[in-house]
**Q** 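Take this structure first; my questions come after.
Every chain is numbered from 1 and lettered A, B, ... according to where its sequence line falls, protein lines coming before strand lines.
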Amino acid sequence: GENVEQHPSTLSVQEGDSAVIKCTYSDSASNYFPWYKQELGKRPQLIIDIRSNVGEKKDQRIAVTLNKTAKHFSLHITETQPEDSAVYFCAASPGNQFYFGTGTSLTVIP
Amino acid sequence: DSGVTQTPKHLITATGQRVTLRCSPRSGDLSVYWYQQSLDQGLQFLIQYYNGEERAKGNILERFSAQQFPDLHSELNLSSLELGDSALYFCASSEYTGNTEAFFGQGTRLTVV
């Protein structure tokens, strides 16, 4: 089955700096790649997603890039703010279930 | 509010007991997924149902079972509970299977004492 690896597991950045989280996947059939943000004690919430027919997608300060050849996708957060502090999960779906990465704990230092 | 409802929010029970967690998906969503999240851990996929039928199985213990009913709500049954089963259990739903956005419920925090 699909295997999703996510790095780094923890990330600390100064407020205003950029943060990048990287994920790799193994199943070439995966065609949908969502990113979820989970604040402490709360449910994961979708922040951005990308499909395999698109190489990049942006939504304000958040962007996701996908390299199908290399089987990796990345989340980019620019101008980070303290409220961006949370755990971020990437996921890949070959069309049935979702396979999640192990999560990245992002801390934005004011 | 994601539209996915999980009950109860908190559950404390003793080892060896059996509990049932309930999930009502968003209106119109046919797929339900169950995940287990232990402290500081990722989301471990347990099982998926689509329109009443089991579609995919993850690392679900034999002591655990689930079903999806005709009205599309789902229940996760955990039996012979052990201390290690203490975790946050999330239900998520999506319109179809896999490659559409999945919406998570608020989770049920299970504590086994």
**Q** Centre-to-centre under 6.0 Å for A:Phe98 and B:Tyr35, is that the case here?
**A** no
**Q** Assess whether atom CG of B:Asn59 is packed by more than 12 heavy atoms of other residues, nucleotides or ligands within 6.0 Å.
**A** no
**Q** Using non-hydrogen atoms only, which part of A:Gln38 is less than 4.5 Å away from chain B: side chain, backbone, both, or neither?
**A**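 The answer is the side chain of A:Gln38.
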**Q** Considering residues, nucleotides and ligands other than B:Glu53, do more than 12 of their heavy atoms fall under 6.0 Å from its CD?
**A**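 Incorrect, the count does not exceed 12.
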**Q** Roughly how far, to the nearest 0.5 Å, is CG of A:Leu46 from CZ of B:Phe103?
**A**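 CG of A:Leu46 is found 7.5 Å from CZ of B:Phe103.
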**Q** When you look at CD1 of B:Ile12, are more than 12 heavy atoms from neighbouring residues, nucleotides or ligands closer to it than 6.0 Å?
**A** no
**Q** A quick test of your reading: do over 12 heavy atoms of other residues, nucleotides or ligands sit less than 6.0 Å from CZ of B:Arg109?
**A** no
**Q** Between A:Arg43 and B:Ser2, what is the shortest heavy-atom contact and its length?
**A** NH1-CB, 3.1 Å
**Q** With rounding to the nearest 0.5 Å, note down the distance linking CD in B:Gln37 to CZ in A:Phe89.
**A**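 Atom-to-atom, B:Gln37:CD and A:Phe89:CZ are 5.0 Å apart.
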**Q** What's the separation between atom OH in A:Tyr99 and atom CZ in B:Phe45, rounded to the nearest 0.5 Å?
**A** 7.5 Å
**Q** Spell out, yes or no, whether A:Ile77 and A:Trp35 are grouped together once hydrophobic residues are joined by side-chain heavy atoms under 4.5 Å, including indirect joins.
**A** yes
**Q** With a cut-off of 6.0 Å (strictly less than), are more than 12 heavy atoms of other residues, nucleotides or ligands near CG of B:Leu83?
**A** yes
**Q** Give, as side chain, backbone, both or neither, the part of B:Gln48 having an atom under 4.5 angstrom from any heavy atom of chain A.
**A** side chain
**Q** Under 4.5 Å from any heavy atom of chain B, what part of A:Phe33 do you find: side chain, backbone, both or neither?
**A** neither
**Q** Which atom names give the shortest non-hydrogen contact between B:Tyr33 and A:Gln97, and what distance separates them?
**A** CE2-CA, 4.0 Å
**Q** Hey, does A:Tyr32 have a side-chain heavy atom less than 4.5 Å from the side chain of B:Glu101?
**A**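 Yes, their side chains come closer than 4.5 Å.
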**Q** Quick check: is A:Leu75 connected to A:Val4 through a chain of hydrophobic side chains (ILVMFWY, heavy atoms under 4.5 Å apart)?
**A** yes
**Q** Transitively linked via ILVMFWY side-chain contacts under 4.5 Å: B:Leu11 with B:Leu88?
**A**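 B:Leu11 does not cluster with B:Leu88.
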**Q** If you count heavy-atom pairs under 4.5 Å with chain B, which of A:Ala92, A:Gly103, A:Pro44 comes out on top?
**A**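 So the answer, after comparing A:Ala92, A:Gly103, A:Pro44, is A:Pro44.
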